[in-house]
Amino acid sequence: MKTEKYHIINFPKITEPRGNLSFIEQNKHIPFSIKRVYYLYDVPSGATRGGHAHRTLQEMVIALSGSFDIVLDDGKEKKTFFLNRPHYGLLIPPCVWRELENFSSNSVALALASDIYIEEDYIRDYEVFKKMVASGELKKFHKK
Ligand code: TYD
């Protein structure tokens, strides 16, 4: 699998005796303008979030607290990323199916998204997603 298609970004971290501070600037530490922020919290043990792909949306997911796995699936292969530090983020490109699972207690998943919430951008049926990948239909949404 071409792992280069997925990127873990290490954000700046200012370490002081008073505690750590990280920061993220749009179009600098992440390759898009942030139009929306959302976060998952109070996720019960054993629950899975995500379960969809986007036609055009990109997002950066960060484990602000605790830990969880993100399984990325391009319709051909799956790759699992473990996030457990708030200065790392996983960049999820468009047209990738994602599942977030194995949430630790008190974990918080922060998502920085390249667009507002548009339900039409979602592909929520895995079989439809697989068919769109197989037919090449999703390629038209790739910019590069
Ligand atoms: P959903 O996409 O199913 O969440 P997840 O990706 O974690 O499985 O979203 C859950 C509900 O929240 C669904 O009714 C859509 C709504 N929602 C918004 O209204 N705005 C948002 O920005 C997001 C992410 C979800």
Side-chain angles (χ1 to χ4, degrees), residues 1-14 19-144:
M1 175 177 206
K2 291 182 191 162
T3 51
E4 320 86 69
K5 76 182 286 181
Y6 304 125
H7 298 285
I8 295 263
I9 310 287
N10 191 4
F11 301 117
K13 179 179 162 193
I14 313 290
N20 297 332
L21 181 152
S22 288
F23 53 90
I24 301 164
E25 293 181 16
Q26 60 183 2
N27 300 307
K28 184 173 177 184
H29 303 106
I30 58 174
F32 55 81
S33 299
I34 300 164
K35 289 210 182 147
R36 179 169 50 109
V37 174
Y38 66 91
Y39 33 96
L40 298 166
Y41 53 98
D42 293 345
V43 179
S45 170
T48 298
R49 302 296 310 227
H52 60 256
H54 286 280
R55 289 172 165 84
T56 64
L57 183 118
Q58 313 176 55
E59 57 189 357
M60 177 71 73
V61 180
I62 301 162
L64 272 196
S65 179
S67 65
F68 48 86
D69 289 325
I70 305 183
V71 183
L72 297 184
D73 176 355
D74 63 3
K76 295 176 183 137
E77 292 173 286
K78 294 185 186 186
K79 188 165 171 61
T80 300
F81 296 87
F82 175 66
L83 291 181
N84 69 341
R85 296 294 296 148
H87 60 93
Y88 284 115
L90 176 63
L91 182 62
I92 307 181
C95 310
V96 173
W97 191 269
R98 84 289 312 273
E99 309 263 359
L100 283 70
E101 57 192 32
N102 297 325
F103 285 86
S104 69
S105 58
N106 293 320
S107 53
V108 179
L110 176 74
L112 308 174
S114 66
D115 211 342
I116 59 169
Y117 179 80
I118 301 171
E119 182 57 35
E120 294 70 36
D121 193 63
Y122 283 72
I123 305 160
R124 292 192 183 271
D125 183 318
Y126 187 67
E127 291 311 312
V128 169
F129 170 72
K130 292 273 281 184
K131 278 184 192 147
M132 289 174 87
V133 169
S135 71
E137 199 183 328
L138 279 174
K139 283 192 182 138
K140 68 174 181 247
F141 296 108
H142 286 282
K143 284 186 182 143
K144 291 175 205 165

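Remember, it's 1-based here, ligands and their atoms both numbered in the order they're listed. Quantities reported herein were computed from a predicted structural model and do not represent experimental measurements. Computed from heavy atoms alone, side chains included, the values below leave out hydrogens, waters and symmetry copies.
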Less than 3.5 Å apart, N/O on ligand 1 and N/O on the protein: could you list those pairs with the distances?
unit_1, atom_1, unit_2, atom_2, d
ligand 1, 2 (O), Arg124, NH1, 3.3
ligand 1, 2 (O), Arg124, NH2, 3.2
ligand 1, 3 (O), Arg124, NH1, 3.4
ligand 1, 4 (O), Arg49, NH2, 3.2
ligand 1, 7 (O), Arg49, NE, 2.9
ligand 1, 7 (O), Arg49, NH2, 3.0
ligand 1, 8 (O), Gly50, N, 3.0
ligand 1, 8 (O), Gly50, O, 3.2
ligand 1, 22 (O), Arg36, NH1, 2.4

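In this structure, the side chains of Ile24 and Ile62 come closer than 4.5 Å at one or more pairs of heavy atoms. Inter-residue side-chain proximity for Val61 and Ile70 is flagged as met; some heavy-atom pair is nearer than 4.5 Å.
Scanning for ring pair (Phe, Tyr, Trp, His ring centres under 6.0 Å) contacts around Tyr122 gives His52, His54, Tyr117, with sequence neighbours left out.
Ring-plane geometry between Phe23 and His29 is classed as perpendicular, the angle between the planes exceeding 60 degrees on a 0 to 90 degree scale with a lower cut at 30.
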Going through the distances and angles, do Glu99 and Lys78 end up as a salt bridge (charged side-chain N to carboxylate O under 4.0 Å, His left out)?
-> CA-CA 10 Å; Glu99 309 263 359; Lys78 294 185 186 186; over 6 Å; no

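Under 4.0 Å is where a charged nitrogen must lie from a carboxylate oxygen, and between Arg124 and Glu119 at least one such pair does.
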